[in-house]
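Bear in mind the structure is a predicted one, so any value in this text is a computation, not a measurement.
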Amino acid sequence: MNAPDLPATAPLSSASPLFPLADTPHFDELHARPALAADAGAAVPAPGALPLTPAWKEFFRHFDLGDPQELNRRATRLARQLRDNGVTYNVYADEANLQRPWPLDLFPLLIPADDWAHIEAGVLQRVRVLEAVMADIYGPRRLLKDGLLPAALVQGHPDYLRAMHGVPPVGGQHLHMVAFDLARGPRGFWWVVSQRTQAPSGLGYLLENRSAVSTQFPDAFEAMNVRRLADTYRGFIKTLKAMAPGADSHIVLLTPGPYNETYFEHSYLARYLGVTLVEGGDLTVRNQRLYLKTLHGLQPVHGVIKRVDDAFLDPLEMRPESRLGVPGLLQAVRAGNVMVANAPGAGFLESSALLGFLPALGRELLGEELLLPALHTWWCGEPAALRDVLPQLGQCVIKPTYPWSTSRGTFRAGVGPLMSDEVLASWADSIRRRPEEHTVQAYLPPSQMPTWQSGPQPGVVPRAAILRVFALTDGAGAWRVLPGGMTRLVGESAGLATMALGGSSADTWVLGEEPAQEAPDFDHSTLVGITPTDTALVQRERLVTSRAAENLFWLGRYTERAENSARLARITLGALHGEEEPSIAQLMWLGQLAESAGLVPQCAPTPLQDCAEFERQLIQHLADPDLPSVGHALRKLRLAATALRERLSPEHWSFIKLAENRFAQECAPLRGSATLAEADALHALGQLSRTLAAVTGAQQDRMWRDDGWRLMTIGRQIERLSWLSEALSRGFYTNAVHDAAGHGVVLDLFDSTISFHARHQRSRSMAALIEHVVLNHQNPRSLGWVVQRLRGQLGRLHANDPHPLEDLSQRLRNPGPDDLTTLCESDHIGDFIHLQALLAHFMQVGGQLSNEISLRHFTHTAEVGRSVGA
């Protein structure tokens with residue numbers, strides 16, 4: 001059973017051998033065994049009778065395959081790394097688990113150097129054909145005139161853009177990145193299954209796959225001379241910058257936003273390539289030029305890597321209801337002022353029907369036979385093809401001619417061998433009614449690679465795999481094939497390699513004949529600035545888009561709001577169960593604060609009316625995301641962070657997710673509890689407080705100190721100033737601060753108990769309290785310190801603004817030690833009138849600042865002429 005030179009091992013389970021054979025219709029990657037037995041009726045060899053391929057033999061040599069617990073531990077570490085890095089794939093059909101963890105197998109697909117040389121040559125040839133087809137279809141249209149392509153298949157395709165006909169491609173070519181899905185057939189040959197030209201996905205996920213899997217097998221990765229990826233990415237972004245108009249080209253990556261299924265990839269890729277991640281609302285077109293809305297006006301954009309489908313790219317010329325694109329973008333492209341990768345209008349090349357015409361197009365356009373064949377494909381819009389294919393549906397895959405179209409017929413592909421006769425008959429009727437909307441492709445059982453199955457019965461399990469490879473531009477007319485790819489594993493029940501239907505992924509190792517010369521590219525760092533020779537490049541400030549600035553502002557506010565709500569809930573529960581009976585004034589004060597903070601519904605009784613019911617309502621609604629309580633603040637915090645993934649460290653993001661998820665889990669039993677369970681609630685609040693402290697630490701120590709960070713800090717300080725001012729004002733209004741318990745609550749709300757007692761022991765002096773929580777500039781929780789910090793950050797933000805605007809920092813009064821006597825004055829009924837006036841000023845100005853910042857930096861409506869200066 002054991003392969004030569006492998007350590008002696010035992011079967012991993014009683015039901016499966018150590019190296020199981022692939023199912024007979026599939027090529028066996030592990031043994032390089034063609035599936036001949038099913039064709040010729042030959043006997044299937046016994047497991048272990050066939051030797052492993054040299055590549056798999058070398059891979060398994062670097063660990064003990066006979067120790068399933070060790071591989072289980074590696075699989076656990078792999079899953080933990082993906083979870084900690086926040087690698088997700090959003091599935092809209094699964095509302096309960098929208099952000100699904102990215103599925104990745106422990107073992108990589110191994111591709112020997114000779115196999116890869118054949119793939120690489122075939123892909124380079126095919127991408128040249130596709131570029132030539134684009135140049136002709138949007139130019140002389142000779143292919144249509146000569147009948148080499150049906151006009152209905154091109155001009156009838158919803159992704160063919162008539163508005164782009166005759167427009168010369170900016171930078172000299174239409175295509176910049178093309179993906180090909182390949183499968184190895186039963187006899188060991190590679191076949192093209194499909195191609196992606198509109199906005200191909202996977203370039204970011206395969207980087208994360210490489211980082212995660214290579215970390216689990218570092219010895220094998222080095223010993224097998226796995227070809228590196230970084231140099232191809234580096235050349236790609238360098239080429240895009242050279243092709244885009246402008247001496248110092250600014251490239252952005254256009255994403256549909258955080259709710260797109262592959263948003264993680266967009267943020268990851270933008271960070272890795274060193275480009276700005278933008279949504280459609282971040283961009284605007286002025287005078288046929290594209291600009292990015294930033295905190296300090298408009299900045300020109302010269303190149304766009306788009307992850308938005310063409311139909312949504314420009315609402316002026318495409319779908320008017322789209323909020324994902326940029327009005328006027330196509331006109332900017334036609335004017336030659338911005339390069340879009342890939343050029344708008346490339347979507348028709350993705351039609352599976354086109355695969356059947358490419359061999360003839362290759363001969364016509366290149367004078368060459370295609371090296372890499374595609375699966376036999378029939379477009380049912382041709383009567384002869386329709387007649388030939390209908391009797392063969394049971395051995396074919398039925399695909400939409402116009403995938404993802406909203407104006408033409410589209411549907412999920414059907415796999416003939418997995419269908420009953422009744423279902424096949426229904427498909428045949430559909431094809432006869434609308435033949436042009438259906439394309440039929442030969443069914444190919446893809447090769448099966450070994451995967452690791454964890455669990456109580458761990459073992460090596462073969463699974464069918466589809467390989468996606470990428471061709472990236474390397475200059476006008478030149479291309480590179482990324483030496484690796486994203487391998488997708490077919491879902492157990494779907495029959496198709498799709499993530500939405502339960503598929504998963506695997507890393508792809510292309511083995512080199514010589515040791516790799518590059519440094520390992522395991523890190524998540526950017527590729528930009530590797531050789532910074534230009535002084536201006538070194539000193540360049542990171543651009544902060546208006547959308548990112550707004551999300552950073554609210555990230556700071558919701559972080560502070562979550563902390564304040566959790567602290568108030570803990571203090572309130574503690575006061576209700578303290579050693580001393582709370583006073584009427586204290587109950588009134590805490591009840592008002594709880595209602596103001598949304599800790600209890602508006603219909604809940606006050607503590608003075610029904611203390612037990614008030615407490616029950618508070619505990620049961622702690623994690624309620626629909627009530628403006630702690631859970632709501634945590635959800636808003638996570639949503640703001642989701643839109644800032646490219647700016648947050650993995651640790652920062654992990655702490656934010658942990659805060660929301662763990663608090664919800666710990667509070668879930670409390671919602672239906674008949675008892676008060678204040679101890680469990682206090683435990684959950686204590687855990688949350690510690691996690692939020694880690695979030696705050698990441699914001700202070702792990703983020704770049706640009707204007708975006710300043711806005712986050714400003715948002716946090718505005719929230720703190722408004723909340724603490726209101727809490728203190730209500731405390732004096734109800735007279736709760738004058739008794740011992742109320743005095744302690746003030747210190748607890750301001751998180752200043754330790755520092756106050758260190759200075760004043762157990763003093764209950766009002767002067768000492770006011771000085772400590774209002775005026776002291778050494779106490780980071782005092783209002784004086786908050787005002788000083790807020791004025792400083794607003795002043796820095798104002799200094800960086802090139803436009804003459806009001807310095808918002810001057811709106812805030814900055815009280816000092818000399819104001820103590822005045823603030824301690826009270827009238828004949830004991831009201832601290834000057835203190836209350838100062839607190840009212842802080843609350844009023846805090847709201848004004850929030851509104852002014854929004855108008856000035858996020859919507860650009862405060863000053864009409866401000867945002868047009870480029």
Problem set entry | For W554, all residues meeting ring pair (Phe, Tyr, Trp, His ring centres under 6.0 Å), sequence neighbours excluded | Y558
Exercise. Looking at residues at least two apart in the chain, or sitting in another chain, which of them share a side chain to side chain donor-acceptor pair (under 3.5 Å) with N287?
Worked result: none
For this session: Kindly compute the distance separating OH (Y268) from CZ (R645), expressed to the nearest 0.5 Å.
Result: 11.5 Å
Scan the side chains in residues 370-385 for donor-acceptor partners under 3.5 Å anywhere in the protein, sequence neighbours excluded, and list what turns up.
from, atom 1, to, atom 2, distance (Å)
T377, OG1, L375, O, 2.8
T377, OG1, Q441, NE2, 3.4
W379, NE1, E436, O, 3.0

For this session: Any pair with a residue in residues 321-335 that passes side chain to side chain donor-acceptor pair (under 3.5 Å), sequence neighbours left out, goes on the list, sorted by first then second residue, please.
Result: Q288-Q331, E317-R334, R319-E321, Q331-R334
For this session: Identify, with sequence neighbours excluded, every residue that meets side chain to side chain donor-acceptor pair (under 3.5 Å) alongside H266.
Result: T255, T262, R307
Seminar exercise, completed: H438 meets the ring pair (Phe, Tyr, Trp, His ring centres under 6.0 Å) criterion, sequence neighbours left out, with F411
Exercise. Taking atom CZ of F470 and atom CH2 of W479, what is their separation to the nearest 0.5 Å?
Worked result: 13.0 Å
For this session: Check side chain to side chain donor-acceptor pair (under 3.5 Å) between D181 and all other residues, then give those that pass, not counting sequence neighbours.
Result: S194, R468, R488
Exercise. Under the ring pair (Phe, Tyr, Trp, His ring centres under 6.0 Å) test, which residues partner F357, sequence neighbours left out?
Worked result: none
Exercise. Pairs in or reaching into residues 145-161: which pass salt bridge (charged side-chain N to carboxylate O under 4.0 Å, His left out), with residues at least two apart or in two chains?
Worked result: R142-D146
Exercise. By side chain to side chain donor-acceptor pair (under 3.5 Å), which residues pair with H250, not counting sequence neighbours?
Worked result: T276
Exercise. Does any pair with a residue in residues 121-134 pass salt bridge (charged side-chain N to carboxylate O under 4.0 Å, His left out), and if so which ones, sequence neighbours excluded?
Worked result: R128-E368
Exercise. Taking atom types as modelled, is there a side-chain donor on Q173 or T473 under 3.5 Å from an acceptor on the other?
Worked result: yes
Would you tabulate the side-chain donor-acceptor contacts of residues 338-349 under 3.5 Å, counting partners in other chains and residues two or more places apart, or write 'none'?
from, atom 1, to, atom 2, distance (Å)
N342, OD1, H176, N, 2.5
N342, OD1, M177, N, 3.0
N342, ND2, M177, O, 2.7
N342, ND2, T197, O, 2.6

